[in-house]
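Order of the sequence lines sets the chain letters (A, B, ...), proteins ahead of strands, with each chain counted from 1. Values below: every heavy atom of this structure, side chains too, minus hydrogens, waters and symmetry copies.
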Amino acid sequence: MTASYDPKVYDTKWQQRWAADHLYEADETSDRPRWYALTMFPYTSGDLHIGHWYAMVPSDVHARFKRMQGYNVMHPMGFDAFGLPAENAAIKRGIHPFQWTMKNIENMRRQLKSMGAIYDWDREVVTCLPEYYRWTQWFFLKLYEAGLAYRAKAPVNWCPGCRTVLANEQVISGECERCATPVIHQDLEQWFFRITRYADELARHDGIDWPERIKIMQRNWVGKSRGTEISFAFDHPAVKDKELRVFTTRPDTVYGVTFMVLAPEHPLVEKITTPEQKAAVEAYIARSRRETEIERLSTEKEKDGVFTGAYVTNRLTGDKVPLWIADYVLASYGTGVVMAVPAHDQRDFDFARKYNLLVKVVISPPGWSGEELKEAYVETGTLVNSGQFNGMASDKAIGAITGYLEKQGWGKATVSYRIRDWLISRQRYWGAPIPIIYCDKCGIVPVPEKDLPVLLPEDAEFKPGGESPLKYASHFVNTTCPKCGGPAKRETDTMDTFMCSSWYFLRYCSPHEKDRAFDHEKVKYWMPVDLYTGGAEHAVMHLLYARFFVKAIRDIGLVDFGEPFKKLFNQGIIIAQRQKMSKSRGNVINPDSYVAELGVDAVRTYLMFLGPWEQGGEWDDRGMGGTDRWLKRVWNLVMEPYQTDRPADEKALKDLKRLTHQTIRKVTEDFDGMHFNTMIAALMEFTNDLIKIKEAGSVSVADWEEAIQTLLLLLAPTAPHLTEELWERTGRPYSIHNQKWPVWDAELAKEEEITLVVQVNGKLRDRITLPAGISEEEIKLRALASDKVKTHLVGKELVKVIVAGGRLVNLVVK
RNA sequence: GCCGAAGUGGCGGAACUGGUAGACGCGACAGUCUCAAAAACUGUUGGAGGGCAACUUCCGUGUCGGUUCGAGCCCGACCUUCGGCACCA
C-alpha cells in the first residue's frame, strides 16, 4: 500500500524547509547570469483574491523555470502601502491608517507565503515605512534640484461639502462620492513633475520588448502631433503682447479662419472682455467652473460659448476676426486658443451654425461649386480662396504656408503633446509628505537631506469630512526655515502614490541600505528588470510614470539606464460568474479555502491551465477538479512501483525516449513563449502516455526511472511541493528545485515515421504511415497507389501533384 | 467617434511559417468496482446522412466575398464582444 496523496501535509512541510534553508534568496556574487523577475506589487487592500494569484503564480512558475535553467534569479515581493482606502478606513472606523495597513500586510504576507513562491522575503519593501518613504522624499528633492519639480496653480476637483480636493476617481458623475455634493473646479497651488519634458522619449520604446498594444496606448497618451504655431495680430490697450498665437495641425486652412476661441480659463479673457460682454462672459465662466471635467468634455453636449467683444487680425487675409470663449477649448493644450475654421472642422462648424458666424470654404470638396456646406469638409483637397496658395494641394500647402509664415515672422512649425505634467500633490494624510518648507522671507525651501524623512505625525486627527489632517497638525505644520532659521510652515500635501511605485524595483536590489536609496553596484547588477508582469490597467499610469522617473534620474546621474523594464508581459483578468471580480459585486474568489482543501499545487496548476495567460479566463471550480485529478495521477504513477518481468524492448525504449525528449522540447519552448496552458497540456499528455507504458511494462526499470525523473523536473516549477515530496520519497537528493532543467536531444526527439496526408483537390482522402525522410517520388507513388484515393481519381485527369513538407500530398484533378 | 484585441464543439481552449480542425481538460453518456453512492478506472462524445459491419459521404472555425492546388490562419467589406482614449484644434 503506497502512501496516499495528502498535499496539506507537505505544503507546509516544504514551505518551512525552504524558508529555513534560505533556498531562494538571491545574491549578487553568483557567477551565473542574472534574472530579475518582477511582478507588480499589490496594494494593501486586505486580502488577495484569485485575481492576484493569477498575476503572481505564473510569474513565479516562470521565475522557477529560469532558476532551474541556471539563472541567478531575484524574485522579490513587497507592498504598495500608501493610499486613500487606508485613510477612508481611518475616517469610517477610527483605525489609524498605519495599523489598518500593517494588519492587511500581515494577512497578505501569510497568503503569499501559502502560495509557495520563490519570493525572497528578505528583500520585502513596504512603501509606507519611513525607511522607504524617506527615499521617496529624497528623490523628490533630486527632481526639484534638477528643475523637474515645480509648483503652479491648477484646477482641481473641489468638494464644497467636504471642503477638500478629490481625486478624479472620487468624483462619481459630477458628485462627491462621500457626500454627493456637486464637485466644482478650483485653482490650487500644486506640485508637478515635468514629465512633458520627456514626452518624445516616452513615446518611443527603443530596445525594449513590450506588447505592441501597450506601446500604442502610451504613444496615444503622449499624443504627439506636428503642426504650426500661427501668430494673429492683436492690438488691445490692456494687453502688452501684440499677438495671439494658436496651434494648428491644419495651417492649410488658415485663410478660412472666421473666428477664434479661447478657453474660458485663459488669462487674457478677463483683460479683453468689453464692458457690454462682461456679464455674459462672467456667467459663462462661472457655469463652466461648476461643471466637472466629465460633463464639460462630454461629446453629446452642444457646443456653446460667448463673444468677448474683442478682435484679432488674420495677417494673411487682413480680416478682423472676433474672439469668443467656449469650453470645448482646453486651456492645457496648445496655447489655449484655437483658430476656428468652420468650413473644415466639425466642432467649429457646429459652433458657427449656432451663432451665425461666417463659414468660408478654403479647401474645395470634390465636385464643389460654391454652394453652402451641410457639414464641415475635414479631408484634404485643393486650396481655394487662399490668395497666393490657390490651387495647391493641402499636403503641399501645409509646408508652403508654414514656410511663408516663418519667413514673415508670423509663425513656425512646432510640436504639441496631449500629455500634461504629472500633478503629484494630494491633499491627503496617508502618503509621503512633500519635503518642502515655505518661509515668508526665503520662499520655497526644500527640506535639507539630513532632515529626512519628514515623518507623518502619528497623532493626526482624521476629520469626518476627509480634509487633510496634516493641515491641522500644528506641530507638523509649524517649523523653522532651514535657510534663515525664522518661523516657517511645512507643505501639507503628500505625494501621489505612483511616485512610491516609480522606484520600488530599485529598492529591491539593496533593500537594507540605510544611508542611500540604493546601492549603485547592486542596481547595476540587477537592473533593468528582465521580465515585468502585471495587469494592463497600468499601461498609461504606473508604467509611464516609472519610465519617466528612471529617465529623470538617469539624467541626474543616479543610474546609467533609461528603461526600467526590458520585457513587459500583461496577463489577462480572471472573471467570476461572467463578471470582473470585485468586492461590490460580491463575486470575489478567495484562494485560501481551495488551498486548504486541495493543496496549493492544484490551485497553481489550474491557474496555469485555464487559458492563455495574456487572455485571462473564467474561474471554474470544476476545472480545478481536473488539475487536482491529474496531480493525483502523477502521485500514483510515481509512488506505485514499476515492475516488469519482460525483457527490455528496443522499440519501446526508443518510443519512450522520443516521447520524453519531445515533451522536454515542447515544455521548454512553451515556457519561453509564456504559453503555460499548452505547457501543462503537454505534461498531461506525457503522464497519460507514461501510464500506458507502465501497463505495457516493456522498458527496463532504469529507463522508466529516467522518464519519471524528467516528468518531475518539468513539473517542478508548477507544482513545487508535490514534486519535492515525490523527489524525496523516491530517494533523490534535496532539493528538486536545485536541479538542472532537462535539455532535449533533437536526435532522440525525431519522429521515425510520418503520417502522409493524401488530399485530392485539397480534400483529405487517406493517411498512410511511412518511414520519415522518404523521397518525393516515393510519396507520389504511394499516394497514387492508395485504394481510397483511386476511387476519387476515376474518370478524372491528374493535372498536378503537390508535395508539401514531406508529409502532405495534394493531387489536383479535373 | 478614434485606437487596440478577440470571435473555433455543450464549456475552457489547441492547431508550427497557408498543409490532418477540435490537442489537453471540463461536462455529458455508457460500463467496471460497490448492497448503494461517492471516489477511482475504462470507453464514447462537432453536426447531419448511409451501411449488419470493418466503415463511409456531406457539412462545419462570427457573416459575405476574394486570393490559392489547399484558408481557422492571407486580402476586402461587414456584424458582435471586450479593453483603452474620448471635443487635443
Side-chain angles (χ1 to χ4, degrees), chain A residues 211-221 223-225 227-228 246-250 253 260-261 263 294 296-301 303 326-330 332-341 344-348 350-351 416-420 536-537 539-540 570 572-573 575 580 605-606 609-612 614-627 629-630 632-633 636 666 669 673 675 677-688 691 755-767 788 791 799-805 807-813:
Chain A
E212 204 53 40
R213 197 162 58 94
I214 303 295
K215 292 197 280 186
I216 290 169
M217 272 196 234
Q218 292 203 339
R219 273 203 300 273
N220 291 345
W221 190 265
K224 180 177 181 170
S225 59
T228 306
V246 300
F247 173 79
T248 180
T249 54
R250 290 295 300 273
T253 64
M260 305 272 275
V261 189
I294 304 152
R296 193 175 142 179
L297 298 184
S298 157
T299 14
E300 276 90 78
K301 208 190 105 177
K303 280 149 200 46
D327 59 11
Y328 75 87
V329 175
L330 306 172
S332 50
Y333 184 79
T335 62
V337 188
V338 301
M339 57 176 222
V341 186
H344 307 294
D345 181 287
Q346 195 56 44
R347 291 160 302 185
D348 299 343
D350 295 342
F351 197 85
S416 207
Y417 298 93
R418 203 193 76 111
I419 192 172
R420 320 278 165 80
E537 68 273 18
V540 286
N570 295 115
I573 51 169
I575 56 169
K580 203 169 165 174
T605 308
Y606 177 60
F609 184 60
L610 95 180
E614 67 270 30
Q615 273 173 40
E618 171 132 26
W619 175 264
D620 182 356
D621 293 24
R622 290 173 304 187
M624 208 175 53
T627 50
R629 269 200 286 275
W630 173 52
K632 264 183 206 142
R633 285 214 306 279
N636 293 331
K666 172 75 176 152
E669 285 173 355
H675 305 307
N677 56 330
T678 51
M679 182 273 284
I680 299 290
L683 286 176
M684 285 175 167
E685 261 181 282
F686 188 43
T687 309
N688 295 343
I691 288 168
T755 304
L756 178 70
V757 175
V758 187
Q759 299 179 336
V760 176
N761 284 348
K763 284 196 174 175
L764 175 71
R765 292 306 175 193
D766 198 9
R767 288 167 217 207
K788 288 177 187 168
T791 60
V799 185
K800 211 176 177 184
V801 180
I802 291 154
V803 181
R807 58 195 180 92
L808 180 139
V809 58
N810 189 12
L811 307 172
V812 186
V813 298

Legend entry - Bracket string, RNA chain B, 5' to 3' - pairs by Watson-Crick or G-U geometry under 3.5 Å, | interstrand: (((((((..(((......[....)))((((((.......))))))(((((....)))))..(((((..]....))))))))))))....

Inset, instruction - Measure the shortest side-chain to side-chain distance between A:Leu811 and A:Arg765 over non-hydrogen atoms and say whether it is less than 4.5 angstrom. - result: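 A:Leu811 vs A:Arg765: side chains apart.
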
Expressed in whole Å, how much space separates the [atom1] atoms belonging to [N] and [M]?
N	M	atom1	result
B:A15	B:C64	P	26 Å
B:G72	B:U61	P	7 Å
B:U17	B:G76	C1'	23 Å
B:A21	B:C35	P	48 Å
B:A86	B:C78	P	26 Å

Give a yes/no answer on whether the side chain of [X] brings an N or O atom under 4.0 Å of OP1 or OP2 in [N].
X	N	answer
A:Asn810	B:G19	no
A:Arg633	B:G25	yes
A:Ser225	B:A89	yes
A:Lys763	B:C59	yes
A:Arg629	B:C26	yes
A:Arg418	B:A86	yes
A:Asn688	B:G25	yes

Rounded to the nearest angstrom, tell me the gap between atom [atom1] in [X] and atom [atom2] in [N].
X	N	atom1	atom2	value
A:Leu764	B:A71	CG	P	14 Å
A:Ile575	B:C82	CD1	C1'	10 Å
A:Lys666	B:A15	NZ	P	6 Å
A:Ile216	B:G84	CD1	P	16 Å
A:Arg622	B:G25	CZ	C1'	12 Å
A:Gln759	B:U68	CD	P	17 Å
A:Asn220	B:C87	CG	P	14 Å

Inset, instruction - Evaluate whether atom CZ of A:Arg807 has more than 12 neighbouring non-hydrogen atoms of other residues, nucleotides or ligands under 6.0 angstrom away. - result: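 Atom CZ in A:Arg807 is not crowded, with 12 or fewer foreign heavy atoms closer than 6.0 Å.
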
Residue [X], side-chain heavy atoms: nucleotide from [options] that is nearest:
X	options	answer
A:Val338	B:A14, B:A23, B:A89	B:A89
A:Phe609	B:G12, B:G84, B:A23	B:G12
A:Lys788	B:U56, B:C69, B:C41	B:U56
A:Val329	B:C24, B:A89, B:U20	B:A89
A:Arg765	B:C58, B:C85, B:G13	B:C58

Inset, instruction - Select from A:Gly625 and A:Ser332 the residue whose nearest nucleotide in RNA chain B is closer to the 5' end of that strand. - result: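 It is A:Gly625, whose closest nucleotide lies nearer the 5' terminus.
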
Inset, instruction - For B:G9, measure the glycosidic angle (O4'-C1'-N9-C4 for a purine, O4'-C1'-N1-C2 for a pyrimidine) and name it syn if it falls within 90° of 0, otherwise anti. - result: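 Syn, which is what one calls it when the glycosidic angle falls within 90° of 0.
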
Inset, instruction - Would you kindly say whether A:Thr605 and A:Trp630 are connected by a side-chain donor-acceptor distance under 3.5 Å? - result: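 No - no donor-acceptor pair under 3.5 Å links their side chains.
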
